[in-house]
Amino acid sequence: MPGTAAAHFDIPYIQRLRPDGSLAEPGAAVDHDLLLRMYRMMLRVRSFDAKAVNLQRTGKLGTYPSCLGHEATHVAVGAAMRPEDVLFTVYREVGTKFWRGVDMSDILLYWGGDERGTLYRRTPQDFPYCVPIASQMPHAAGAALAFKLRQEPRCALVYIGDGGTSQGAFYEAINFAGARALPLVCVIVNNGWAISVPVRAQTAAATLAQKAVAAGIPGVQVDGNDVLAVHEVVRAALERGRSGQGATVIEALTYRLSDHTTSDDASRYRAAAEVESARQLEPMLRTRAYLEAHGLWSAAAEEQLRGECSEEVERAVKQYLGTARQSTDAMFDYVYARPPRALAAQRDDARHCPAAGH
């Protein structure tokens, strides 16, 4: 039935650094000091990530989700946040955690099965990894509500994957954030695949950012392999939240160059040509190309930094492997003040396991 339009919506797409390392807007101002810091962190993350995968392959780490290809989004988000903000991650955002001061050894401890790896000394307010899909969304909205009620100029920043946006908890959280004008920034990392399910099989929406429209909040899509664009967009969204203007949903377009986790084999559902094509767009290449073109980076600097990162990673691995195991009692210590009989029986049974640590 024909009629007049009730409303119109646009989803802007932001790119500042093209895949070849040139600026989308020639002559645009670039903070070279910040860009160098972000590139150095991206390389640090990639070095750690490769080592973590190898540790899992040799039986020294549990199942691990590689962040290969996501470095620009993760690092840029961390660089845009303030220390007093609160971070809610999924399970892949190593770069954001590193930028906020989380130790490499803590990440290894967590994926080695030791929850002490979530006791972040420098940012104790940040939440640990959240493996259940989308369950971090209501937590983040709740934190944002607390900031608003307390009149604190802080934001909650929450990550979610493309698959997570199909969950009810995602919609509930952004709807609440829209209705209450909460200081919440939701970063959707659209890496093309929710394990083996492509985005096109999940939704008929042209973008994931437009899912914000139903919540009455702005949605924006950004090139997630462009560290400059991600930093700009996230920083603006955080400032918007702090100033009382409410929430923002950001869709960062990137690609998962690795398997979903070390227990996955992506070659069973992805074409090799697709992955190779995505490699040409990955964030490290374009960032390094820009820095080299402007005389800010060199092969010698790259080699030196790689060596420094390798040494740092090895020190973290040594610390991780040298950390004494907890006893199995740790699984039961903080469940109940007074454990019920059934749980106490489980604790006693666990004490007799060969690797109980007693």
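Side chain of R100 to backbone of P83: a donor-acceptor contact under 3.5 angstrom is found. Without hydrogens or angle criteria, R240 side chain to G246 main chain gives a donor-acceptor distance under 3.5 Å. A donor-acceptor contact shorter than 3.5 Å is absent between the side chain of T96 and the backbone of V77. Between the side chain of D259 and the backbone N or O of A266 there is at least one donor-acceptor pair closer than 3.5 Å. Checking side-chain atoms of T262 against main-chain N and O of Y64 turns up a donor-acceptor pair under 3.5 Å. A distance-only check finds no donor-acceptor pair linking the side chain of Y159 to the backbone of Q136 [under 3.5 Å]. At least one donor-acceptor pair under 3.5 Å links the side chain of T254 to the backbone N or O of G69. Using a distance-only test at 3.5 Å, with no hydrogens or angles considered, no donor-acceptor pair links the side chain of R256 to the main chain of C67. R16 contributes no side-chain N or O that, together with a main-chain N or O of L23, makes up a donor-acceptor pair within less than 3.5 Å. Judged by distance alone, the side chain of D223 and the main-chain N or O of N225 form a donor-acceptor pair under 3.5 Å.
Residues S105 and D103 bring no donor and acceptor atom of their side chains to less than 3.5 Å of each other. Side-chain contact of K97 with Y120: a donor-acceptor pair under 3.5 Å is present, judged by distance alone. Side-chain contact, T207 with Q221: no donor N or O sits under 3.5 Å from an acceptor N or O.
Legend: ring pair (Phe, Tyr, Trp, His ring centres under 6.0 Å) pairs involving residues 214-245, not counting sequence neighbours: none detected. Sorted by first and then second residue, the ring pair (Phe, Tyr, Trp, His ring centres under 6.0 Å) pairs involving residues 279-313 (not counting sequence neighbours) are H32-Y290, H32-H294, Y39-W297, Y290-H294. Within the structure, ring pair (Phe, Tyr, Trp, His ring centres under 6.0 Å) pairs that include any residue of residues 324-346 do not occur (at least two apart or interchain).
Shown here are the side-chain contact (heavy atoms from CB on, under 4.5 Å) partners of S298, two or more places apart in sequence or in another chain: A300, A301. Taking R82 as the reference, E84, D85, E239, R242 meet the side-chain contact (heavy atoms from CB on, under 4.5 Å) condition, with sequence neighbours excluded.
L281 belongs to no hydrophobic cluster with other residues, because no ILVMFWY side-chain heavy atom falls under 4.5 Å from its own, directly or through intermediates.
A side chain to side chain contact (heavy atoms under 4.5 Å, CB included) with R46 is found for one member of E71, K51, R306, M41 and no other, namely E71. Only one option out of R40, R44, R315 pairs with E308 in a salt bridge (Lys or Arg N to Asp or Glu O under 4.0 Å); it is R40.
Of the charged side-chain nitrogens involved, none lies within less than 4.0 Å of a carboxylate oxygen, so that R286 and D226 do not count as a salt-bridged pair. Residues R325 and D114 are not paired through a salt bridge, judged by the lack of any N-O separation under 4.0 Å between the basic side chain and the carboxylate.
Taking the six-membered ring wherever Trp is involved, the centroid distance between the rings of F98 and H74 does not fall below 6.0 Å. Aromatic ring centres of F127 and F88: separated by under 6.0 Å.
Each of F170 and V220 belongs to its own hydrophobic cluster when Ile, Leu, Val, Met, Phe, Trp and Tyr are linked at side-chain heavy-atom distances under 4.5 angstrom.
Rounded to the nearest 0.5 angstrom, D162 CG and R200 CZ are separated by 12.0 Å.
For Q151, the CD atom sits in a loose shell: 12 or fewer heavy atoms of surrounding residues, nucleotides or ligands are nearer than 6.0 Å.
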